[in-house]
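Here the structure comes first, spelled out in structure tokens, and everything after it is commentary.
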Amino acid sequence: MPLFSFLPHFPTNDFDRIFERLHLFTFWKYKDRYIQDEAIRRNMERICALYVDVNLTPVEELTIAVLDEVYSFPRIDEKQLSDLLTLRG
């Protein structure tokens, strides 16, 4: 599974901005525009759908963070995995 970063409760459901190398976009509104790989998009939809409100409706404000316009969300390598596990403790 690709690694991706997101903000589950960003204060808007319509955000699409680039700050230097960082691109933030509202997942549910812009996923089809930026995530071209259908398999990756489906996996991300499955994960993002876990974030729900009190009515069990997916949270619309979920915002994805992308660096350097890499929308393929490449798998992490062994060094990155090791670093993550070390940080986790």
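Reckoned from all heavy atoms, side chains included, excluding hydrogens, waters and symmetry mates. The structure presented is a predicted model; accordingly, all values stated were derived computationally and were not measured.
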- line: Taken in chain and number order and not counting sequence neighbours, the residues that satisfy salt bridge (Lys or Arg N to Asp or Glu O under 4.0 Å) with Asp37 are none
- prompt: Does the side chain to side chain contact (heavy atoms under 4.5 Å, CB included) test come out yes or no for Phe73 and Asn43, once each step is laid out?
  reply: CA-CA 11 Å; Phe73 303 94; Asn43 281 331; over 6 Å; no
task: For Glu38, enumerate each residue passing the side-chain hydrogen bond (donor to acceptor under 3.5 Å, both in side chains) test, keeping only those at least two apart in sequence or located in another chain.
output: Arg42
query: Counting heavy atoms not belonging to Glu20, are there more than 12 under 6.0 Å from its CD?
result: no
- prompt: Is the closest side-chain heavy-atom distance between Glu45 and Lys31 below 4.5 Å?
  reply: yes
field: With Arg17 via side-chain hydrogen bond (donor to acceptor under 3.5 Å, both in side chains) - residues at least two apart
entry: none
task: Ignoring hydrogens and angles, tell me if any N or O in the side chain of Thr26 forms a donor-acceptor pair with the backbone of Trp28 under 3.5 Å.
output: no
Main-chain N/O of Ser82 paired with Thr86 side-chain donor or acceptor, under 3.5 Å: yes
- request: Determine whether Tyr71 and Ile40 make a side-chain contact, defined as any pair of heavy atoms from C-beta on separated by less than 4.5 Å.
  value: no
statement: Residues passing the salt bridge (Lys or Arg N to Asp or Glu O under 4.0 Å) test with Asp77, sequence neighbours excluded, are none
Under 3.5 Å, which donor-acceptor pairs link side chains of residues 51-60 to any protein atom two or more places apart or in another chain?
unit_1: Asp53; atom_1: OD1; unit_2: Asn55; atom_2: N; d: 2.8
unit_1: Asp53; atom_1: OD1; unit_2: Leu56; atom_2: N; d: 3.2
unit_1: Asp53; atom_1: OD1; unit_2: Thr57; atom_2: N; d: 3.0
unit_1: Glu60; atom_1: OE1; unit_2: Asn13; atom_2: ND2; d: 3.0

message: Can you list everything that forms a side-chain contact (heavy atoms from CB on, under 4.5 Å) with Asp16? Sequence neighbours excluded, please.
response: His23, Phe25, Tyr30, Arg33, Tyr34
- request: Drop me the distance from Ile47's CD1 to Leu50's CG, to the nearest 0.5 angstrom.
  value: 7.5 Å
message: Please enumerate all residues that pass side-chain hydrogen bond (donor to acceptor under 3.5 Å, both in side chains) together with Asp68, with sequence neighbours excluded.
response: Arg21
query: Can you list the other members of the hydrophobic cluster that holds Leu67, where links are side-chain heavy atoms under 4.5 angstrom apart?
result: Leu7, Phe10, Phe15, Phe19, Leu22, Leu24
